[in-house]
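Below you'll find the structure, written out as C-alpha cells, and then a few comments.
Chain identifiers are assigned alphabetically (A, B, ...) following the order of the sequence lines, protein sequences preceding nucleic acid strands; residue numbering begins at 1 within each chain.
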There are 2 protein chains.
Amino acid sequence: MLSRDRIVAAAISLIEREGADAVSMRRIAAELGVGVMSLYNHVPNKSALLDAVAETVLSRIEFTDDPSAHWTDRVRMQARAFRQIAHDFPRCTMVVVSRQLRSTAGLLPVERALATLRDAGFDGRQAVRMLRVFIAYIVGSLLREVGVTPTFAPVRPDVAVAEVDPALFPLVGEFAPDLMACDHEEEFDFGLELLVQAMAVRAEQAAGREGPHRR
Amino acid sequence: MLSRDRIVAAAISLIEREGADAVSMRRIAAELGVGVMSLYNHVPNKSALLDAVAETVLSRIEFTDDPSAHWTDRVRMQARAFRQIAHDFPRCTMVVVSRQLRSTAGLLPVERALATLRDAGFDGRQAVRMLRVFIAYIVGSLLREVGVTPTFAPVRPDVAVAEVDPALFPLVGEFAPDLMACDHEEEFDFGLELLVQAMAVRAEQAAGREGPHRR
DNA sequence: AAAGTACACGTACGGTGTACGTCTAGGAGG
DNA sequence: CCTCCTAGACGTACACCGTACGTGTACTTT
C-alpha cells in the first residue's frame, strides 16, 4: 500500500543514492513499483514532497539537551547535533537548507536554542541575534562540508589549488598545504569554539550590566 | 551578434527579474530574440551557463583593500564587500552560493583574505581556519538574507511565528517580537563583530606564543 | 444488493535540455 | 569575379519532466 511516508522515504533514499537532481516523480514511482499519478493521491505536488523530505530529515536531529549542563556545553551539543544530519543525509543537506518550511519540525531546534541562550543570561533580543549567528555559521559550514561553496574552501583542493599561478596568487600558493587539508569535524569545532567563546564574553557583559538588579 | 557575454548578461537579468526557476534556454533565447540552439554556439550547456553567471556575479565584488588599515577593519571591509553582492544581485545569490566553481574569480577574495589574516599574525593553518569560519558565516548569512533558510530566522515571521502554539513553543512565543524583527544589516554586523573580536583574541594569543622568538 | 468512496493508473499536454542536420552570409584563395 | 570554406543562426526531433483529468476497481457503508 502506498503512503506519504513511503513516498518520502523513497525520495530520501533516492537523493542519497543518486543526488537531488535524480529526483523526479516518475523516478520515485518506478522505485516504488507504482504508477506516476498514484503519488499524487498522497502528495499534492513535487514541491510539497521536497518540503516533506526536508522536514523529515530535520526531525531526525537528536537533541539530547541536558539543562543541568553548563550552557556553553549545551550550545556545543546542539550545534553538533545539527551538524550530524550532514553526515546522516549528506546529499539531502542542500535540500533541507534551501527549502523554506514553516513546520513545527523547524521550530523545535529554535525553541531549544532559545532556552539555552536565555539560561546563559541573554535577553530576547540578544538571544535571537546569537541564534542567528549560529545558524548562519552552521548552515555555511554544512554547505562547505557537503561539497557546495567549495571555491574558497576547496573540496578537491588538489586540483583547485595545485593549478594556481603562484605569481597571481602568491599566498594561495604559499598556504596551499593548509588550504588542501580540511578535516571537516576539526574545522567545524574550531569555528564553534570561536563562537562559543565570543558568546561567553558577551554573556558576562550582559550579566554584569543587569547583575545588580537581579532577583 | 550573439556572444557569450550577452547570453550571460541576459541570464543574470532574467534571474533578477523572475527568479532562478524562470531560467531556461528557450526563455533566454527568446529574451535575446534568437533561436534556442544558437545559444549552444557560445555556451556548452545550461550548467556551464549558470557557472558563468556565478563567476560573473562573483567578479563584481569590489574589494577596496587598504593594507595600511588595521587588520580588523580590513576584515570588516572584505566581509561587507562580499555581502554587497547579495544586495546587487539578490536572486543570483543562491546560484552563486550553490555552484561549485574553480575559476580565478573565486580565488581573488581568498588571496586578499589570506593576506589580511597573515598580517594579523596568523600562520597558514590558523589563517585558513579563520577564513573558513568567516566564509561559512557569510554564506549562511547571505542565504538567510536572500530568503532561503528562513525556518530558523523567519523571513516573514509575521506568519511563521504568529501561528505558533505558545504551549508547545513557549520561548518562541515569548521572543516572538525579537524573532519577527530582522534588520539584515544590523544582524550581519553583529555577527561580524562577534567574529572579529573572537579573532582578535586568538591573534593576541598567537602573537604572544611566538612573540619571544620573533626577529 | 446498492451506493459511495478511496485510490491505483493511463493518457495527454505543455514544458525542459540538447543532439543533429541544414541553411546562409561573409571572408579567403584562385 | 567566381569558388570554396567556415562560422554561426536555426528547425526538427527525442527523451524526459510535472501534473490535470478521466477511468477502473476493490472495499466500506447502508
| field | Contact under 4.0 Å: B:N41 side-chain N or O vs D:dA9 OP1/OP2 | value | yes
| query | Touch check for A:V34, heavy atoms < 4.0 angstrom, all strands: base, sugar-phosphate only, or nothing? | reply | sugar-phosphate
| Which atoms form the tightest heavy-atom contact between B:Y137 and B:F188, and what is the distance? | OH-O, 2.9 Å
| note | What one should report as the nearest heavy-atom pair of A:A52 and A:V8 is CB-CG2, 3.7 Å
| said: Could you tell me how far apart A:M1 (CE) and C:dC7 (C1') are, to the nearest whole angstrom? | reply: 6 Å
| message | Contact between A:R74 and A:D65 at the side-chain level, heavy atoms closer than 4.5 Å - yes or no? | response | yes
| A:H87 and side chain to side chain donor-acceptor pair (under 3.5 Å): which partner among A:H184, A:E185, A:E145? | A:E145
| query | Can you find a donor-acceptor pair, distance only, under 3.5 Å between B:R26 side chain and C:dG17 base? | reply | yes
| said: If the cut-off is 4.0 Å, is A:S38 near the phosphate of C:dC7, judged by side-chain N/O to OP1 or OP2? | reply: no
| Reckon B:H42 has a side-chain N or O less than 4.0 Å from the OP1 or OP2 of D:dA9? | yes
| said: Rounding to an integer number of Å, can you tell me how far A:L50 CG sits from D:dC17 P? | reply: 14 Å
| note | The answer to which of B:M37 and A:Y40 contacts DNA chain D further toward the 5' end, by nearest nucleotide, is B:M37
| request: Take the protein atom CG of A:L32 and the nucleotide atom P of C:dA8, then report the distance between them rounded to whole Å. | output: 11 Å
| query | Thinking salt bridges, do B:R99 and B:D51 make one under a 4.0 Å N-O criterion? | reply | yes
| task | Figure out the CD1/P separation between B:I28 and C:dT16, and round it to whole Å. | result | 11 Å
Kindly give the atom pairs (protein nitrogen or oxygen, nucleotide nitrogen or oxygen) under 3.5 Å for nucleotides 23-26 of chain D.
none

| query | What's the CZ-C1' distance between A:R6 and C:dC7, to the nearest Å? | reply | 14 Å
| Length of the line joining A:D21:CG and C:dG17:P, which is rounded to integer Å | 13 Å
| query | Does atom CD of B:E186 have more than 12 heavy-atom neighbours from other groups under 6.0 Å away? | reply | yes
| message | Rounded to whole Å, please give me the gap between CG in B:L39 and C1' in C:dA19. | response | 15 Å
| said: Does the plane of the ring in B:F122 sit parallel, tilted or perpendicular to the ring in B:W71? Use 30° and 60° as the thresholds. | reply: perpendicular
| remark: B:M25 CE to D:dA15 P, in whole Å, measures 21 Å
